[in-house]
Amino acid sequence: MPARKVVVVGAGNAALCAALAAREGGAEVVVLEVAERELRGGNTAFTAGAMRVAYNGVDDLRALMPELTDDEVAVTDFGSYPESAFLDDVARVTEYRCDPELAALLVERSYPTMLWMRDKGVRFMPIYGRQAFKVDGRFTFWGGLTVEVSGGGPGLIDYLSKAAEHAGITIEYGARAVDLVADDDGVHGVRVRQHGRTRTEHADAVVLAAGGFQANPEMRTRYLGPGWDLAKVRGTRYNTGDGIRMAIDAGAASAGNWSGCHAVGWERNAPEFGDLRVGDAFQKHSYPWGIMVNAEGRRFVDEGADFRNYTYAKYGRRILEQPSQFAWQVFDQQVIHLLRDEYRIREVTKVTAPTLEELAKKLDGVDPAGFLREVTEYNAAVDTATAFNPNVKDGRSTTGLAVNKTNWANRLDQGPFEAYAVTCGITFTFGGLRIDPDARVLDTDMRPIPGLFAAGELVGGLFYFNYPGGTGLTNGAVFGRIAGIGAAQTP
Ligand SMILES: Cc1cc2nc3c(=O)[nH]c(=O)nc-3n(C[C@H](O)[C@H](O)[C@H](O)COP(=O)(O)OP(=O)(O)OC[C@H]3O[C@@H](n4cnc5c(N)ncnc54)[C@H](O)[C@@H]3O)c2cc1C
């Protein structure tokens, strides 16, 4: 019997995991990627490669990262991140809206899927730079995020693409999927436009893994709401919702938080789309150590509500809601050493001044008197009796303000001061296609559409309002693999 043919749309993390799993299942696999080879990798290539995974202790991590040395283990508290904690985090930050079955699968399969990726050649390492603090000579991990891909997002794409080529998978670049070939019996292929010519790629099963609609200003405004046309896109320009549209045209049901997305504080003058040269360094994620003010000079979020990786994904929206869609992050000398590496790149809008009065004049677009009034009130409200400790939610807070800061509140009183201008950078959209636990796309009668699978960003139902950092890649890998396995099987 000839091998089943599987067409995968997209060549990011979810797509390549699907392609590898389908190939492992014996299928002939063709991957269609709209970007040319030099711009390949989708949003995946823009990531730092952080991957959230459930583990029970350092032995699990050593199986995932055999390169870990005894010396590293000796100076590091890796702790554990049991499945129950991962599930709690997903449930809590999505305000208990996440699809329970999909969330449970994501969590349970996170570790075995990453071991499988390792077998395919992906190399992991501890994410020391961003998720651990060194105290008294020991590294302590925090926030449940411990592992990253060596080489970050570009590294992940290299590993997976090499594995795909090695496995005999064909990857067609510059190939835009435009429509599904579908009838009452399900999906039989994809219409594809490549280098100006349109053709049909027949298939026994299609896996859609073409990302969300964040790079499509029209869809952003239609679904996320007015103002979202003004957001900057953090990643690829190619995730314009094609996969979602194609499936809905073929009768698929939608699911999830269509008015929601992952969006962060992002360099105010960044280009419209991501720039692979800069990657995710336009993000500005050290706001828990300082304050953020808007054009009126007012604070508008609790910068210390939680560890950064539980708040950063929703604060982009809050910045977009401010007058003229910008904010300044302000820090003093007590915390400058805690600023992440992304504050040290050349492409920043930064001002410094020895005093707050001088800084106020330099904050472009901000009412200086409003800013000074805000900082005076803020400084007076800081509880200095509690010690500042960036490794834990220290409870060092303000009291009596309209917007209090719950942790890591320091008086801004030690110049020179530094301030960084940010706007809203959208990462990915949360609404998408409805799938079942086998990654089969469901139709509007909630029945699987024969021959159609989906994985990654274009799936809806997992994330609402917010998301725990590092879950996007794990989501793509887990459901990409499930989709690939299903697509290779004769129904
Ligand atoms: C700056 C940044 C940093 C991030 N950091 C992290 C992180 O550290 N950890 C984490 O877990 N997540 C992170 N994310 C989120 C993460 O990137 C995504 O959740 C994940 O990569 C999505 O994978 P995917 O395979 O679904 O989509 P993608 O990797 O975007 O792949 C989709 C592919 O489909 C292609 N495509 C689109 N339309 C078509 C079409 N019509 N025909 C053919 N191909 C098409 C696109 O070109 C693209 O290559 C980050 C995102 C950004 C932007």
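Whatever order the structure lists them in is the order used to number ligands and atoms, beginning at 1. Numbers here are sequence positions counted from 1.
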- Message: Using 30° and 60° as the class boundaries, would you call the ring planes of Tyr287 and Tyr315 parallel, tilted or perpendicular?
- Response: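 Tilted.
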For [atom], closest protein heavy-atom neighbour:
atom: atom 35 (C) of ligand 1; result: Glu33 OE1, 3.3 Å
atom: atom 32 (C) of ligand 1; result: Ala209 O, 3.4 Å
atom: atom 36 (N) of ligand 1; result: Val34 CG1, 3.7 Å
atom: atom 38 (N) of ligand 1; result: Tyr238 O, 3.5 Å
atom: atom 4 (C) of ligand 1; result: Thr47 CG2, 3.5 Å
atom: atom 31 (O) of ligand 1; result: Gly12 CA, 3.5 Å
atom: atom 28 (P) of ligand 1; result: Asn43 N, 3.5 Å
atom: atom 18 (C) of ligand 1; result: Glu457 OE2, 3.4 Å

State the atoms of ligand 1, each with its element, that fall below the 4.0 Å cut-off from a heavy-atom position in [X].
X: Phe46; result: 1 (C), 2 (C), 3 (C)
X: Gly235; result: 53 (C)
X: Gly49; result: 8 (O)
X: Gly41; result: 29 (O)
X: Gly10; result: 33 (C), 34 (O), 35 (C), 44 (N)
X: Gly456; result: 26 (O)
X: Val9; result: 42 (N), 43 (C)
X: Leu32; result: 43 (C), 44 (N)

- Relative to ligand 1, is Asn475 under 4.0 angstrom through side chain, backbone, both or neither, heavy atoms considered?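 The answer is neither; Asn475 stays 4.0 Å or more away.
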Hey, does [X] sit under 4.0 Å from ligand 1 if you only count heavy atoms?
X: Tyr467; value: yes
X: Ala48; value: yes
X: Gly470; value: yes
X: Met51; value: no
X: Gly212; value: no
X: Ala175; value: yes

Would you say [X] has any N or O atom under 3.5 Å from an N or O of ligand 1, going by distance alone?
X: Ala177; value: yes
X: Thr44; value: yes
X: Ala50; value: yes
X: Thr474; value: no
X: Leu473; value: yes
X: Gly472; value: yes
X: Ala14; value: yes

- Item | For Val147, the option from Arg52, Met114, Met125 that meets side-chain contact (heavy atoms from CB on, under 4.5 Å) | Met114
Over 12 foreign heavy atoms within 6.0 Å of [atom1], [X]:
X: Arg109; atom1: CZ; answer: no
X: Arg123; atom1: CZ; answer: yes
X: Glu36; atom1: CD; answer: yes
X: Arg344; atom1: CZ; answer: yes
X: Arg118; atom1: CZ; answer: yes

Does a donor on one side chain sit under 3.5 Å from an acceptor on the other, for [X] and [Y]?
X: Tyr467; Y: Thr427; result: no
X: Ser110; Y: Tyr55; result: no
X: Gln214; Y: Arg220; result: no
X: Tyr81; Y: Asp89; result: yes
X: Asp306; Y: Thr311; result: no

Is the positively charged end of [X] above the ring of [Y], judged by distance under 6.0 angstrom from the centroid and angle within 45° of the axis?
X: Arg268; Y: Phe326; answer: yes
X: Lys284; Y: Tyr343; answer: yes
X: Arg92; Y: Tyr310; answer: yes

- Message: Tell me whether Asp77 contacts the main-chain N or O of Gly79 through its side chain, where contact means a donor paired with an acceptor under 3.5 Å.
- Response: no
- Message: Rounded at 0.5 Å granularity, tell me how far CZ in Arg317 sits from CG in Leu224.
- Response: 6.5 Å
- Item | Atom pair OH (Tyr464) and CG (Asp99), whose distance is rounded to the nearest 0.5 Å | 7.5 Å
- Message: For Tyr312 and Trp266, I'd like to know if the aromatic rings sit close, meaning centre-to-centre distance below 6.0 Å.
- Response: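 Centroid separation for Tyr312 and Trp266: 6.0 Å or greater.
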Using heavy-atom distances, let me know which of [options] sits nearest [atom].
atom: atom 46 (C) of ligand 1; options: Asn239, Leu16, Val459, Leu276; answer: Asn239
atom: atom 37 (C) of ligand 1; options: Gly153, Gly42, Ala210, Cys17; answer: Ala210
atom: atom 41 (N) of ligand 1; options: Asp242, Leu39, Thr427; answer: Asp242

